[in-house]
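Scroll down for the structure; my scribbles are underneath it.
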Amino acid sequence: MEKKRWDCTALPKGWKMEEVTRKSGLSAGKSDVYYFSPSGKKFRSKPQLARYLGNQMDLSSFDFRTGKMLMSKLNKNRQRLRYDNNNQNKGKPDLNTSLPVRQTASIFKQPVTKVTNHPNNKVKTDPQKAVDQPRQLFWEKKLSGLNAYDIAEELVKTMELPKGLQGVGPGCTDKTLLSAIASALHTSAAPITGQLSAAVEKNPGVWLNTTQPLCKAFIVTDEDIRKQEELVYSVRKRLEEALMADMLAHVEEAASDGEVLKEDGNGSEDMESV
């Protein structure tokens with residue numbers, strides 16, 4: 001092998017470039033290029049060289065084979081950099097032609113960003129109220145008129161709420177009250193007590209507690225809990241009976257299919273004996 005080493009002027013001072021040419025073998029005449037740092041570290045590829053130099057030098061226009069900077073690539077990089085800077089200063093136009101989509105109210109808690117860095121902005125915050133997201137009053141009324149249908153497109157019977165639950169607010173129906181209680185149970189970890197303030201009946205828009213459903217204050221008694229337990233037990237009993245009947249029907253059907261196959265087999269044997 002023949003080795004030649006010289007200073008690489010395209011790289012920082014102290015860097016060496018070495019070219020190794022093979023004299024024999026199948027690869028005779030071919031040459032490999034290596035670079036050596038001032039400390040003597042050897043580099044075999046351009047990616048290794050770029051990782052080592054990092055931000056010290058831009059090697060996008062560097063030719064690893066010749067050890068020189070390609071002026072054509074260097075000019076293109078400068079033009080692209082100048083073009084990007086001009087576009088950033090001018091600002092990109094908004095070419096989005098899609099129609100705006102209205103974001104409906106969600107029952108799930110979502111973060112709210114508060115901007116307070118304006119020089120003339122003076123914000124007075126309450127630590128307790130700043131934690132919760134503001135809610136729209138009587139938003140449960142948006143669900144009025146919506147009904148659930150089963151697979152046969154028949155109206156599903158709605159739940160019957162206890163007589164002790166009475167709605168509060170303008171135009172509050174049983175369906176609105178049901179949706180309000182369901183959303184409160186889903187989103188709130190606090191106990192559901194209803195509207196405790198008596199003034200809410202006079203002016204719900206002012207005295208309404210948005211963290212509680214749209215119903216008057218109520219108390220769940222032991223008798224209510226006992227009735228609910230009996231109802232759940234009755235429904236589970238009916239479900240168990242239905243599953244048992246379905247299983248017995250499948251067993252009986254499988255047994256009848258086996259007898260039919262056995263009779264068919266006996267009939268074919270009789271015909272063969274004849």
Min side-chain heavy-atom separation [X]-[Y] under 4.5 Å:
X      : Y      : answer
Met57  : Leu11  : yes
Arg5   : Met17  : no
Met244 : Glu241 : no
Asn209 : Leu196 : no
Val232 : Arg236 : yes

Short side-chain to backbone donor-acceptor contact, [X] and [Y], under 3.5 Å:
X      : Y      : value
Ser183 : Ala180 : yes
Lys46  : Phe62  : yes
Gln212 : Thr193 : yes

Pair listing, ring pair (Phe, Tyr, Trp, His ring centres under 6.0 Å) test, anchored in residues 224-255, at least two apart: none
Closest approach of [X] to [Y] (non-hydrogen atoms, all atoms of both residues):
X      : Y      : answer
Gly67  : Ala10  : O-CB, 3.4 Å
Val168 : Cys215 : CG2-C, 3.7 Å
Arg65  : Val33  : O-CG2, 3.7 Å

Got a sec: does the CZ of Arg22 have more than 12 other heavy atoms crowding it under 6.0 Å? yes
Residue Asp222 excluded, over 12 heavy atoms near CG under 6.0 Å: no
Salt-bridge contact Glu230-Arg226 (side-chain N to carboxylate O under 4.0 Å): yes
Below 4.0 angstrom, N of the basic side chain to O of the carboxylate: do Lys13 and Asp7 qualify? no
Applying salt bridge (Lys or Arg N to Asp or Glu O under 4.0 Å), can you list everything that pairs with Asp224, at least two apart in sequence or on another chain? none
Tell me whether the NZ or CZ atom of Lys42 lies within the 45° cone about the ring axis of Tyr34 and under 6.0 Å from its centre. yes
Quick one: CD1 on Ile192 to CG on Leu185, what's the gap to the nearest 0.5 Å? 5.0 Å
Rounded to the nearest 0.5 Å, how far does OG of Ser37 lie from CG of Leu49? 9.5 Å
Option from Trp15, Tyr52, Phe43, Phe64 for which ring-ring contact (aromatic ring centres under 6.0 Å, His included) with Tyr35 holds: Phe64
Run the side-chain contact (heavy atoms from CB on, under 4.5 Å) test against Glu19 and tell me which residues pass, sequence neighbours left out. Trp6, Thr21, Ser31
Please tell me whether Ile225 and Leu165 are part of a single hydrophobic cluster in this structure, the criterion being side-chain heavy atoms less than 4.5 Å apart. yes
